[in-house]
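Each remark here refers to the structure printed beneath this line.
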Amino acid sequence: MTTGTDLDAEHWLRRWDAQQERYIPDREALFALALDVVDRLAGTPARLLDLACGPGSFAARAAARWTGAEVVGVDVDPVMLELARRTTGERVRWVDADLARPGWTDAVGGGPFDAAVSATALHWLPEHALPGLAQRLASVLRPGGVFVNVDTLLADPARPRLAELTRTLRVERTDRGLATGEDFRTWWDALADEPALADGFAERERRFADRVTGGSSLPAWEQALSGAGFAEVGTLTQTFDRRTLVAIR
C-alpha cells in the first residue's frame, strides 16, 4: 500500500531501531545469534521467512548476510510494510498476510523454505492461534529446516512465583532503559502524524479494530511446535522471559 512519496522512511526506521534497543539492549547480538543458528542448523538458506516482519529490521539483516537468498517478510500491518518497502526495497519480497489465518502460506508461495525467523512480534498472537500457526509453518519448512523466534515468551503459569518474578524483573529492566528517549507508544504516535501514511493508518485501524492479542507462554509454544511435528524444540538463550526459541523441523 503506497500512500505517498514525501516520507523519510529511513528516519523512521532508525527511530524504530533506537527505541527497540531501549527495550532490548542486546537486540543486535540476538539478531546475529539467530542468523548464526540458521547457518549452523540449516546451512546457507536459499529461502528464508521473516514472520511478522514489521518494518523489516530482521529481514534486512538476513538479506545482507545471505545475498543470494530469497528473503520473504510477512506482516498484516500495512504501515509497517510500507516502511519496509521504502527502506529495504525489493531485496526482500514483502507479503501482506495475516499469520493468524490459513492463507499466508499460499501468499508466500508455499514451501519449501530452509528457515523462518521472527523477533519481538509473535507474542501479539493469542495462544489459541499458536497450533494453527505451527502447523502452517511446518508445512512450508523443509525437513531439517529451522525456526528461530526471539521474543517475550511468558514463563510456565504452573510455576506462578517464578513466572511473576521473570515478568517483574524484565519490566523493571525495561523501565530503566526507557528512562530517557523515545518509547514504543511515542514512536507510533509520532508516526501517525505523517500525512503520507494517512491511508495506511486508516487501513491499519480497520484491520486491528476487533483483533484479539495476548501474551503467549513458553509451554504453549513448545506444545504447538512439537504437536506440529518439529523434531526438536528448545530455548537457546533466556534473559528473564525474553527467549531465543529454536525449533528444528
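Everything quoted here is computed from the prediction, not taken from an experiment.
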Which of parallel (below 30°), tilted (30 to 60°) and perpendicular (above 60°) describes Phe31 and Phe58?
tilted
Tell me whether Arg185 at atom CZ has more than 12 heavy atoms from other residues, nucleotides or ligands lying less than 6.0 Å away.
yes
Near Glu205 CD, under 6.0 Å, is it more than 12 heavy atoms from other residues, nucleotides or ligands?
no
Rounded to the nearest 0.5 angstrom, the CD-CZ distance for Gln238 and Arg242 is 12.0 Å
For residues 101-108, tabulate all N or O donor-acceptor pairs below 3.5 Å that involve a side-chain atom, not counting sequence neighbours.
{"residue": "Arg101", "atom": "NE", "partner": "Asp98", "partner atom": "OD2", "Å": "3.3"}
{"residue": "Thr105", "atom": "OG1", "partner": "Pro102", "partner atom": "O", "Å": "3.4"}

For residues Trp188 and Trp124: do they belong to one hydrophobic cluster (side chain heavy atoms under 4.5 Å, members Ile, Leu, Val, Met, Phe, Trp, Tyr)?
yes
Is Val38 reachable from Leu49 through a run of I, L, V, M, F, W or Y residues, each pair having side-chain heavy atoms under 4.5 Å apart?
no
Validation row: Leu218, Arg243 side chains within 4.5 angstrom (heavy atoms):
yes
Please assess Val146 against Arg249 for the test side-chain contact (heavy atoms from CB on, under 4.5 Å), listing each intermediate value before the final yes or no.
CA-CA 6 Å; Val146 62; Arg249 179 72 176 93; over 6 Å; no
Under 3.5 Å, is there a donor-acceptor pair between the side chain of Asp151 and the main chain of Leu122?
yes
Hey, are Thr168 and Glu164 close enough side-chain-wise for a donor-acceptor pair under 3.5 Å?
yes
Answer with yes or no whether the hydrophobic clustering places Phe230 together with Phe113; edges join I, L, V, M, F, W, Y residues whose side-chain heavy atoms lie under 4.5 Å apart.
yes
Under a single-linkage rule joining Ile, Leu, Val, Met, Phe, Trp and Tyr whose side-chain heavy atoms are separated by less than 4.5 Å, which residues share a cluster with Leu169?
Leu165, Phe240
Backbone N or O of Ala64 within a donor-acceptor pair of the Thr67 side chain at under 3.5 Å?
no
Apart from Val76 itself, residues in the same hydrophobic cluster as defined by side-chain heavy atoms under 4.5 Å
Phe208
Do other residues, nucleotides or ligands put more than 12 heavy atoms under 6.0 Å from the CZ atom of Arg91?
yes
Do Leu51 and Val117 come within less than 4.5 Å of each other through their side chains, counting heavy atoms only?
no
Are Val92 and Val72 close enough that some pair of their side-chain heavy atoms sits under 4.5 Å apart?
no
Quick check against the 3.5 Å criterion: does Thr166 have a side-chain atom that pairs as donor or acceptor with the backbone of Ala163?
yes
Between Tyr23 and Arg173, is any pair of side-chain heavy atoms under 4.5 Å apart?
no
Is Leu81 close to Arg85 at the side-chain level, that is, under 4.5 Å between some pair of heavy atoms?
yes
Look at the side chain of Asp75 and the backbone N and O of Gly54, then say whether any donor-acceptor pair between them is shorter than 3.5 Å.
yes
What distance do His123 atom NE2 and Ser216 atom OG have between them, rounded to the nearest 0.5 Å?
8.5 Å
First locate atom CG of Leu225, then atom CG of Leu130, and finally report the distance between them rounded to the nearest 0.5 Å.
8.0 Å
Quick check against the 3.5 Å criterion: does Trp221 have a side-chain atom that pairs as donor or acceptor with the backbone of Val233?
no
Taking Asp26 for its side chain and Ala29 for its backbone only, find out whether a donor-acceptor pair lies under 3.5 Å.
no
Taking the side chain from Asp241 and the backbone from Leu154, do they hold a donor-acceptor pair closer than 3.5 Å?
no
Which value, rounded to the nearest 0.5 Å, describes the distance between Arg47 atom CZ and Leu141 atom CG?
10.5 Å
With no hydrogens and no angle check, just 3.5 Å: does a side-chain donor-acceptor pair link Thr244 and Asn149?
no
Any side-chain heavy atom of Thr44 sitting closer than 4.5 Å to one from Asp39?
yes
Checking side chain to side chain contact (heavy atoms under 4.5 Å, CB included) against Leu33, which of Val148, Val150, Thr237 comes through?
Thr237
Is any side-chain heavy atom of Asp183 closer than 4.5 Å to a side-chain heavy atom of Gln19?
no
Could you tell me whether the side chain of Ser226 and the main chain of Glu222 form a donor-acceptor pair under 3.5 Å?
yes
What's the separation between atom CZ in Arg14 and atom CG in Asp8, rounded to the nearest 0.5 Å?
6.0 Å
In plain terms, say whether Arg27 and Asp17 are close enough for a salt bridge, that is, a side-chain N and a carboxylate O under 4.0 Å apart.
yes
Is any side-chain N of the basic residue among Arg65 and Asp36 closer than 4.0 Å to the acidic one's carboxylate O?
yes
Does Pro78 offer a backbone N or O that forms a donor-acceptor pair with the side chain of Glu203 under 3.5 Å?
no
Distance, nearest 0.5 Å, that separates CD of Glu28 from CD of Gln20:
12.0 Å
Side chains of Leu13 and Leu83: closer than 4.5 Å at any heavy-atom pair?
no
Please verify the inter-ring angle class for Trp187 with Trp12; under 30° counts as parallel, over 60° as perpendicular, anything in between as tilted.
perpendicular
